[in-house]
J.: 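Below you will find the structure I want to go over with you.
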Number of protein chains: 2
Amino acid sequence: MIERYVLRYFLAVVDQGNFTRAAAQCRISQPTLSVGIAKLEASLGQTLFLRNNRRIELTPSGTRFAVHARRIEAEFAAAERDLQDTAPTKLVRIGVATTLPPSWIAAALGRARRASTIERLEVVEGRSSELVALLDRGRGST
Amino acid sequence: MIERYVLRYFLAVVDQGNFTRAAAQCRISQPTLSVGIAKLEASLGQTLFLRNNRRIELTPSGTRFAVHARRIEAEFAAAERDLQDTAPTKLVRIGVATTLPPSWIAAALGRARRASTIERLEVVEGRSSELVALLDRGRGST
DNA sequence: CTGGCTTACGGACTTCGTAAACATC
DNA sequence: GATGTTTACGAAGTCCGTAAGCCAG
């Protein structure tokens, strides 16, 4: 199965025109990149580069594959950008003492949800001592 | 960096509606899938699923991410299909004796290239004895 | 001899599975 | 108690770098 990292190796070679500079771009050693490309070619059953000359050349298959590879990389980038734009999920875990009237809790939660940007809310019921114990065990909010 | 395999885990959960069936679809154990999703959420800084109820639900972020994920998976599939359609690369490595006139060789190669579907051709020059030695060392064509 | 790709081999990281804990119904 | 997710930890796989080999100009 083709994984994303070899795809980045492949595109680096296309961009740089040789394996050595491509490896530098990817911040890996040149032999590592070499075996990565070999893996990719093996799993596709296709030679992607002609290494005959000083300059690396794309085969016809390689040229077609490059189109897909660019689209995939672009979509990965778009996905990360898209979710980066929104603030990270705010997880709030609230301990509520069972001694409090449930109606109070419901009302307070309703107000809080409308007023803030909390996406995920967990409510833990229990007596004060139990809630403190939970916090100590690292199940508190961050 | 998000790798493809977690993306497959993610889409399996979206499709199946729970982690257990998703793991079965991916042919992995359920805990393995669980940590995979956790990794994905951590690297995105976003919660993708609401696990509150019996049924898994997508968060708003998760829904948007699913769009990208589907596109990426589709493009991977397209790439593999695209290159699968053409026959695997035929690599032919030919040993040519230096005693033959170069014009013969050029003419023969030209005819061969037009007549066949060879994509990659390597020519090795040398005397007969040297060529046999190369073949013995496993550098012959398959 | 230089520049560049490939092969060989260990080390390190991480994916994976089993087992157990935790949670909800 | 049944169903389903998370955590813990050891085993297996694989990505990676160093070193050496191979090839062309």
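Proteins come first, then strands; the chains are lettered A, B, ... in the order of their sequence lines, and each starts at number 1.
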J.: Going by the rule side-chain hydrogen bond (donor to acceptor under 3.5 Å, both in side chains), which residues pair with A:R70 if we only count those two or more places apart in sequence or in a different chain?
T.: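 Once residues adjacent in sequence are excluded, the partners of A:R70 under the side-chain hydrogen bond (donor to acceptor under 3.5 Å, both in side chains) criterion are A:D15.
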J.: For DNA chain D, what residues of residues 14-21 of chain B have any heavy atom nearer than 4.0 Å?
T.: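 When residues 14-21 of chain B is checked for heavy atoms under 4.0 Å from DNA chain D, the hits, listed by number, are B:N18, B:F19, B:T20.
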J.: Quick one: list whatever passes side-chain contact (heavy atoms from CB on, under 4.5 Å) with A:S29, sequence neighbours left out.
T.: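 Result, side-chain contact (heavy atoms from CB on, under 4.5 Å) vs A:S29: A:P31, A:T32.
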J.: Stepwise, does the side chain to side chain contact (heavy atoms under 4.5 Å, CB included) test hold for A:I37 with A:L48?
T.: CA-CA 9 Å; A:I37 298 294; A:L48 298 172; 5.6 Å; no
J.: Only counting residues at least two apart or in another chain, list the ones meeting salt bridge (Lys or Arg N to Asp or Glu O under 4.0 Å) with A:E73.
T.: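 In terms of salt bridge (Lys or Arg N to Asp or Glu O under 4.0 Å), with neighbours along the sequence ignored, A:E73 is linked to A:R4.
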J.: It should be established whether B:Y5 places a side-chain nitrogen or oxygen under 4.0 Å from OP1 or OP2 of nucleotide D:dT14.
T.: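 For B:Y5, the contact criterion (side-chain N or O under 4.0 Å from OP1 or OP2 of D:dT14) is not met.
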J.: Which of residues 25-38 of chain B sit near DNA chain D, with a heavy atom under 4.0 Å from it?
T.: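 Those residues are B:Q30, B:P31, B:S34, B:V35.
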J.: How long is the line joining CZ of A:R8 and C1' of D:dC16, in whole Å?
T.: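 Whole-Å distance recorded here is 14 Å.
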J.: I want to check one thing: is the phosphate of C:dT14, taken as OP1 and OP2, less than 4.0 Å away from some side-chain N or O of B:K39?
T.: no
J.: Is B:V35 linked to B:V14 within one hydrophobic cluster, defined over Ile, Leu, Val, Met, Phe, Trp and Tyr using a side-chain heavy-atom separation of less than 4.5 Å?
T.: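 No, B:V35 does not connect to B:V14 through the hydrophobic network.
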J.: Considering non-hydrogen atoms only, spot the tightest contact between B:A12 and B:C26 and give its length.
T.: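 Minimum heavy-atom separation between B:A12 and B:C26: CB-SG, 3.6 Å.
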J.: Describe, as an angle rounded to 10 degrees, how the axis at the first end of the helix from C:dC1-D:dG25 to C:dC25-D:dG1 is tilted relative to the axis at the last end, five pairs per end.
T.: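 Axis-to-axis angle, ends of the helix: 30°.
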J.: Report yes or no: does A:E3 contribute a side-chain atom to a donor-acceptor pair with the main-chain N or O of B:Y5 at less than 3.5 Å?
T.: yes
J.: Quick one: list whatever passes side-chain hydrogen bond (donor to acceptor under 3.5 Å, both in side chains) with B:Q16, sequence neighbours left out.
T.: B:Q25
J.: Tell me the interatomic distance from B:E3, atom CD, to D:dG13, atom P, rounded to whole angstroms.
T.: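 The distance from CD of B:E3 to P of D:dG13 comes to 20 Å, rounded to the nearest Å.
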J.: Is it true that a side-chain atom of A:S61 and a backbone atom of A:Q46 form a donor plus acceptor pair closer than 3.5 Å?
T.: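 No.
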J.: What residues, two or more places apart in sequence or in another chain, satisfy side-chain contact (heavy atoms from CB on, under 4.5 Å) together with A:R71?
T.: A:V67, A:H68, B:E75
J.: Can you measure B:R4 atom CZ to C:dT14 atom C1' for me and round it to whole angstrom units?
T.: 19 Å
J.: Are any of A:R51's side-chain N or O atoms less than 4.0 Å away from OP1 or OP2 of C:dT6?
T.: yes
J.: Between the side chain of A:R21 and the main-chain N/O of A:F19, is any donor-acceptor distance below 3.5 Å?
T.: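 No, A:R21 side chain to A:F19 backbone: no donor-acceptor pair under 3.5 Å.
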J.: Tell me the interatomic distance from B:M1, atom CE, to D:dC16, atom C1', rounded to whole angstroms.
T.: 16 Å
J.: Could you tell me the separation between the CD1 atom of A:I56 and the C1' atom of C:dG3, rounded to a whole number of Å?
T.: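 Distance check: A:I56 CD1 to C:dG3 C1' gives 12 Å.
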J.: For the pair made of CG in A:L40 and C1' in D:dT14, what is the distance, rounded to whole Å?
T.: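 One finds 16 Å between C1' of D:dT14 and CG of A:L40, rounded.
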J.: Kindly give the atom pairs (protein nitrogen or oxygen, nucleotide nitrogen or oxygen) under 3.5 Å for nucleotides 9-11 of chain C.
T.:
none

J.: Is the backbone N or O of B:T47 less than 3.5 Å from a side-chain atom of B:E41, with the two atoms forming a donor-acceptor pair by type?
T.: no
J.: Sequence neighbours left out, what passes side-chain contact (heavy atoms from CB on, under 4.5 Å) with A:A66? Give chain and number order.
T.: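 Partners of A:A66 under the side-chain contact (heavy atoms from CB on, under 4.5 Å) test: A:F10.
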J.: B:R8: what forms a side-chain hydrogen bond (donor to acceptor under 3.5 Å, both in side chains) with it, not counting sequence neighbours?
T.: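 Applying side-chain hydrogen bond (donor to acceptor under 3.5 Å, both in side chains) to B:R8 gives none.
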